[in-house]
Amino acid sequence: MSRIIAGRAGGSRLASVKGKNTRPTTDRVKEALFSRLEGYDVLSGADVLDLFAGTGALGLEAASRGARAVTLVDRDRSALEACSRNKRALEASGTDARIDVVNSPAESYVKRSQGPWDLVFVDPPYSMTDAEIAPLLEAVTPGLRDGAVLVVERSARDPEPTWPADLRRFGHRSYGETALWFAEPED
């Protein structure tokens with residue numbers, strides 16, 4: 001079972017999604033990821049977008065650690081139900097963040113919304129190809145605020161994502177089967 005690692009809701013357990021369509025981010029990867037994000041000072045007061053949210057674990061971790069608003073986007077019914085349960089649990093823990101759960105394909109939502117976001121998580125199913133992810137990264141880029149961080153989670157066996165011209169990769173870390181890619185808007 002996944003949980004919130006730290007912050008106001010630290011230790012809270014998260015509802016999971018049944019089946020094999022959702023691959024939760026492990027606690028080890030979340031700890032490393034959020035340690036790095038806190039070093040970038042991007043969480044406090046942030047507007048966060050969690051695409052392919054699954055259980056909402058990444059966005060809700062950001063809410064627990066001081067994000068102002070979190071939008072969890074998925075189109076799988078079981079994932080949306082888990083996100084809604086986890087949202088209610090986090091709200092009951094006293095977090096101040098506004099949390100929205102949205103039923104939409106990721107790229108459609110990004111094109112409709114246009115941000116602005118301080119932190120974006122892109123954690124698509126491992127079966128999605130780079131050619132399918134590239135248009136999404138292109139669509140999300142205009143909605144990033146100056147100083148925003150975009151994190152792409154993929155299989156460690158996958159190649160580096162194809163970044164749009166307006167995004168600059170500034171970091172990469174691998175944790176077993178999981179790879180995290182960090183990018184920011186070009187100056």
Side-chain angles (χ1 to χ4, degrees), residues 1-17 22-74 79-80 82-104 106 109-110 113-124 136-137 140-141 143-154 167 170-173 175 178-185:
M1 170 155 282
S2 186
R3 65 188 174 94
I4 300 294
I5 304 293
R8 286 187 105 158
S12 298
R13 292 178 181 258
L14 297 173
S16 59
V17 178
T22 301
R23 171 195 32 79
T25 303
T26 66
D27 284 353
R28 175 181 172 234
V29 173
K30 272 197 302 189
E31 285 180 39
L33 168 61
F34 280 90
S35 176
R36 190 157 191 189
L37 292 173
E38 285 177 343
Y40 300 147
D41 195 28
V42 71
L43 293 170
S44 181
D47 289 314
V48 178
L49 178 61
D50 186 351
L51 298 172
F52 307 98
T55 63
L58 296 178
L60 297 173
E61 185 74 35
S64 180
R65 294 179 186 231
R68 183 183 72 79
V70 174
T71 304
L72 308 172
V73 178
D74 210 304
L80 292 164
C83 283
S84 294
R85 283 193 307 272
N86 292 333
K87 168 192 171 178
R88 288 190 297 274
L90 206 74
E91 289 171 340
S93 74
T95 184
D96 295 333
R98 186 188 82 240
I99 303 167
D100 297 313
V101 178
V102 178
N103 179 358
S104 176
Y109 176 80
V110 167
S113 175
Q114 291 297 309
W117 304 291
D118 301 294
L119 177 60
V120 176
F121 298 110
V122 179
D123 185 8
L136 173 61
L137 297 178
V140 80
T141 301
L144 297 174
R145 285 192 173 110
D146 288 341
V149 174
L150 182 136
V151 181
V152 177
E153 182 175 334
R154 301 290 293 146
L167 276 181
F170 68 89
H172 170 256
R173 294 285 189 271
Y175 306 92
T178 303
L180 298 175
W181 298 90
F182 297 84
E184 62 188 357

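Numbers here are sequence positions counted from 1. Note that the structure is a prediction, hence the values are computed from the model and not measured.
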**Student:** Just how far is it from atom CD1 of I99 to atom CG of L72, taken to the nearest 0.5 Å?
**Tutor:**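 Answer rounded to 0.5 Å: 7.0 Å.
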**Student:** Can you name the closest pair of heavy atoms from L137 and T141 and give their distance?
**Tutor:**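 The answer is O-OG1, 2.6 Å.
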**Student:** Indicate the ring-plane relationship of F170 and F182, choosing parallel, tilted or perpendicular according to the 30° and 60° boundaries.
**Tutor:**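 Ring orientation, 0 to 90° scale: tilted.
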**Student:** Nearest heavy-atom pair of A82 and V17: which atoms, and what distance?
**Tutor:**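 Between these two residues, the closest heavy atoms are CB-CG2, 3.7 Å.
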**Student:** What I'd like to find out is whether the side chain of W117 reaches to under 4.5 Å of the side chain of V140, using heavy atoms alone.
**Tutor:**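 Yes, side chains in contact.
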**Student:** Please find the pair of heavy atoms, one from L144 and one from P185, that lie closest to each other, and give the distance.
**Tutor:**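 What the structure gives for the nearest pair is CB-CG, 3.8 Å.
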**Student:** State which residues pass side chain to side chain donor-acceptor pair (under 3.5 Å) with R8; sequence neighbours excluded, sorted by chain then number.
**Tutor:**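 Counting only residues at least two positions away or on another chain, R8 forms a side chain to side chain donor-acceptor pair (under 3.5 Å) with D96.
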**Student:** Which atoms form the tightest heavy-atom contact between G171 and R36, and what is the distance?
**Tutor:**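 For G171 versus R36, the nearest heavy atoms are CA-NH2, 3.9 Å.
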**Student:** Does R145 come within less than 4.0 Å of D47, counting only side-chain N to carboxylate O?
**Tutor:**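 Counted as a salt bridge, because a side-chain N and a carboxylate O are separated by less than 4.0 Å.
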**Student:** Is the NZ or CZ atom of R28 positioned over Y175's six-membered ring, under 6.0 angstrom from the centre and within 45° of the axis?
**Tutor:**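 No cation-pi geometry.
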**Student:** Which residues satisfy the side chain to side chain donor-acceptor pair (under 3.5 Å) test with E91, sequence neighbours excluded?
**Tutor:**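 By the side chain to side chain donor-acceptor pair (under 3.5 Å) rule, E91 matches no residue at all.
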**Student:** Which pair of heavy atoms, one from V101 and one from C83, lies closest together, and at what distance?
**Tutor:**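 Looks like CG1-CB, 3.9 Å.
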**Student:** Excluding sequence neighbours, so at least two apart, what forms side chain to side chain donor-acceptor pair (under 3.5 Å) with K87?
**Tutor:**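 By the side chain to side chain donor-acceptor pair (under 3.5 Å) rule, K87 matches no residue at all.
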**Student:** Is S44 close to E38 at the side-chain level, that is, under 4.5 Å between some pair of heavy atoms?
**Tutor:**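 Answer no - side chains too far apart.
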**Student:** Nearest 0.5 Å, please: how far is CG in L136 from CZ in F52?
**Tutor:**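 If I round to the nearest 0.5 Å, the distance is 5.5 Å.
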**Student:** Using the side chain to side chain contact (heavy atoms under 4.5 Å, CB included) definition, which of the options L51, L49, V70, V48 pairs with F121?
**Tutor:**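 It is V48; the other options fail the test.
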**Student:** Do you know which two heavy atoms are closest between R85 and S16, and how far apart they sit?
**Tutor:**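 Looking at all heavy atoms of both residues, the shortest contact is NH2-O, 3.6 Å.
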**Student:** As an exercise, state the distance from CG of L33 to CZ of R173, rounded to the nearest 0.5 Å.
**Tutor:**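 Going from the CG atom of L33 to the CZ atom of R173 covers 11.5 Å.
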**Student:** Between CG of L37 and CZ of R65, what distance do you get to the nearest 0.5 Å?
**Tutor:**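 Taking CG in L37 and CZ in R65, the distance rounds to 8.5 Å.
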**Student:** Would a distance-only check, ignoring hydrogens and angles, find a side-chain to backbone donor-acceptor pair under 3.5 Å from S93 to L90?
**Tutor:**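 Checked: pair present.
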**Student:** To the closest 0.5 Å, what do you measure between CG (D74) and CG (L80)?
**Tutor:**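 Here the rounded value is 5.5 Å.
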**Student:** Would you compute the distance between atom CZ of F34 and atom CG of L43 and round it to the nearest 0.5 angstrom?
**Tutor:**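 Between atom CZ of F34 and atom CG of L43 there are 6.0 Å.
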**Student:** Quick check: does any side chain N or O of E61 sit under 3.5 Å from a backbone N or O of I5, one acting as donor and the other as acceptor?
**Tutor:**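 Checked: pair present.
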